[in-house]
Amino acid sequence: MLKTTLSMVALAVSAAAIADDTNVQDLQAADMEHIVVSGSRVFESIDEVPASITIINQKQIEDHLKVNPELQSLLSQIVPGLAPDTGSSSNTGQSLRGRAPLVMIDGVPQSTPLRNGSLGVKTLDPSAIARIEVIKGATSIYGNGASGGIINYITKQANSDGKPEGEISLSSRFSAVKLAESAGARIAGAINGRVDQFSYLVTASYEENGVQRDAQGDILGLQYGLSDTVTENYFTKLGYDFDEDKQLQFSYNFYSSQQKTDLGDVFGNINLGEKSYAIHVPPAQQKQGKPQGPEGNENITVKYTDFAIFANTQMTLDAYMQDIENVFFFSPSLANPDEGYSGGQSVIRSEKKGARATFNTLIDFDNIQATFIYGIDALNDVTSQPLVDGRIWVPEMDMESIAGYLQTKWIVADDLVLKAGVRQESIDLAVADYQTLKLCRSVDQCSVPLNVKGDTIDYDATTYNVGIKYNANEKFSPFASYSQGSDISDIGRLLRSATVEDIGQIQTEASIVDNYEIGFNSQFEALRFEFAAYRSTSEFGTTNKFNEVTGVYEPVRAPQKIWGYEALVDYKINDTLKLITTYSYVEGKDTEADTYLGSRQISPPKLTANLNWQPVDALSMTLSWLHVGDRKRFERNDKGNYVGDQGPIDSYNVVNFSGQYQFGQSWQAFVGIENLFNSDYYPARAQAYTYGGYNIKGLGTTATVGVKYRF
């Protein structure tokens, strides 16, 4: 019944299952360009989405994992429009088209929008991921926090039809500049299988980093650093098929990545060209406080799908729970000298409970195929940012939201795709009375704590999207779209910097982001070309302004305009050689003051190239190049310094290499080299951010060697 009434959905599910099969990577590379899940919450062909989308397939993930296990490094290399890799555990400053993306695992939000600590990218080990879907541009299809778009990690599925299948890999990563103390070790394994109607998948990974060294052999600074980091990830997915139409699925994810070091920082000054680095120091000077990083973040999801709940209608019900604790570095500014505090360490705590009902109805008319996607979302998000010692920096924010939505798609004569949708969301955000924290940059440069009266803030927003795409000629397939996102992200940053005594007087208004995009795809025999230009506006953007009196960076709400363009060229040179290049440019302004936005949002131009050579079936090699261009929009202040996120960015280049050789059916050896030519550079964020401790050099030449066994 399903194959006759929902043939299009069934084909998509089948193709996605192929894409998840690690033993059919040749099929995956071809099929992944045609399937996307997260754009409209159901399986659909990418050819029917009037928007710019990047899909990273499993082979690309595995190739980059040999070079660098950090997901933000992979995303930066492959996704046009995403800011360059920060080289750290934090993705602050790594915006998507100048705004914050919503990071998800199988459609479940991992970001903490109410207090965005920019750690959402590090929520899952790459070994558990089948593909990554990046939907660019503001959207509200998944609710709050997607002002820049969506990054959705689609996890692996069980693909064995009989006896258990699996793999285990062992590797070591070390500095090729100076070996001392740099060697780390990683082990990762997975097993999957099926017993009658029951399927299972279990993945696990454990990694210990040594110290990370720059091109001169010095240890990188520890602020958001990756030296001496211990990372664990345990993921399981269990499924039960009641019959060919009804499925139940349970998944659990545990992720922890913390820096456990006996080193201490030597802070430099980016205005003086001095880098921050780490050295061995006496215990009293070592990194203070708890280990920084995600501390045992957990996700539980239960999903029930009926592919034929009604005639031509599919239903998906899912419920999820999430518990996040992200620990930040010790900061001397979090001080109350009059109360005996000389600094402090904060932690973002977030607990989410959500439930969703999604229906997908497919109706065929004479020459029109219509799809209606509709449902209800409910979410409770309780987020705060206290200090480890018990002081309150960001009070507990208790958000209740309920939303209904309708998304429609009309395919006319197989070639013309029209999309239109609406989402109505109501949000209540409760905050109790609280006192702002006294922050001191020096003994005589402190903010003034205030007692702030709490309240419940109500948000009601209706957002729309509409798009059109024409697929009559594969050599030129144009599209245009308009989409809105309703964003109340990072309210916590506004609350902790309050300068008034009533929460009702703080500018906590939601920001409606309007995103306009035009572009086209072109497919020739061996060449695919993609281009998109966009413009997004918002009435209430948030930027930082340095207060010279208190020494505190205070958020400022002002209208913003961001614009840019992106291009991708995918060229199959011959049967053994394939080249993919991308280019992206983004710019933005505070339209009220007519000033450029800083690097927290706007990244410099970025050019990437990935060349894959497979001379024989058993051997594959990849050479990748990242070029980050200049961005110099700001002047020094009257003291001769750059402030905030306004430092000038000079261009730099990084080249990586990876290779693998297959020994028979079971064994594989691999090698990866990051920064092949040992380029001595500061990453873009390190150049632009003048905040203390961010001016850390990029990683010097670093090698990875390992083996993998499949059974």
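In what follows, every heavy atom counts, from backbone to side chain, and hydrogens, waters and symmetry copies are set aside. Sequence positions, counted from 1, serve as the residue numbers for this chain.
Counted within 6.0 Å of CG on D460, heavy atoms from surrounding residues, nucleotides or ligands total more than 12; the atom is thus considered enclosed. Within a 6.0 Å sphere centred on CD of E539, other residues, nucleotides and ligands contribute 12 heavy atoms or fewer. Within a 6.0 Å radius of CD in E509, more than 12 heavy atoms belonging to other residues, nucleotides or ligands are found. The local environment of OH in Y482 is crowded, with over 12 non-hydrogen atoms from other residues, nucleotides or ligands closer than 6.0 Å. More than 12 heavy atoms of other residues, nucleotides or ligands shown are found within 6.0 angstrom of CG on L406.
Using a 4.0 Å cut-off between a side-chain N of Lys or Arg and a carboxylate O of Asp or Glu, D514 and R535 do not qualify as a salt bridge. Remark: D377 engages R423 in a salt bridge, criterion side-chain N to carboxylate O under 4.0 Å. Using a cutoff of 4.0 Å between basic side-chain nitrogens and carboxylate oxygens, R528 and E530 are scored as salt-bridged.
Scanning for salt bridge (charged side-chain N to carboxylate O under 4.0 Å, His left out) contacts around D381 gives an empty result, with sequence neighbours left out. Looking at residues two or more places apart in sequence or on another chain, you find a side chain to side chain contact (heavy atoms under 4.5 Å, CB included) between N610 and Q77, T608, S624. Shown here are the side chain to side chain contact (heavy atoms under 4.5 Å, CB included) partners of K353, two or more places apart in sequence or in another chain: M321. Take Y459 and apply the ring pair (Phe, Tyr, Trp, His ring centres under 6.0 Å) test, not counting sequence neighbours, and it matches no residue. For V49, the side chain to side chain contact (heavy atoms under 4.5 Å, CB included) partners are V36, E44, A51, I53, K419, not counting sequence neighbours. S584 meets the side chain to side chain contact (heavy atoms under 4.5 Å, CB included) test with P80, E566, K606; sequence neighbours excluded.
Ring planes of W410 and F365: parallel class, angle under 30° (limits at 30 and 60°). Between F520 and F529, the two ring planes are tilted [angle within 30° to 60°].
I129 and K156 make their closest contact through O-CE, 3.6 Å (heavy atoms, listed as atom of the first residue, atom of the second, distance). Closest non-hydrogen pair, P109 versus R356, comes out as CD-NH1, 4.5 Å. Heavy atoms only, all atoms of each residue included: V513 and S536 are closest at CG1-CB, 4.2 Å. Summarising the geometry of I55 relative to Q60, their closest heavy-atom pair is O-OE1, 3.8 Å, with the distance given to 0.1 Å. Residue N91 comes nearest to S118 through the heavy atom pair OD1-O, 2.5 Å, listed as atom of the first residue, atom of the second, then distance. Here the closest non-hydrogen pair linking N144 and S486 is OD1-O, 3.7 Å.
The backbone N or O of G485 sits nowhere less than 3.5 Å from a side-chain atom of S140 that would complete a donor-acceptor pair.
Of the N and O atoms on the side chains of S511 and D487, not one donor lies less than 3.5 Å from an acceptor on the other residue. Side chains of N521 and N471: no donor on one and acceptor on the other come within 3.5 Å. For the residue pair N312 / T361, no side-chain donor-acceptor distance below 3.5 Å is found, with atom types taken as modelled. For D398 and N380, the side-chain atoms include at least one donor-acceptor pair closer than 3.5 Å. When only modelled atom types and interatomic distance are considered, S481 and Y534 share no side-chain donor-acceptor pair under 3.5 Å.
Y583 and Y585 have their aromatic ring centers separated by at least 6.0 angstrom.
Among the candidates D318, L248, L317, L238, the single residue satisfying the side-chain contact (heavy atoms from CB on, under 4.5 Å) test with V302 is L248.
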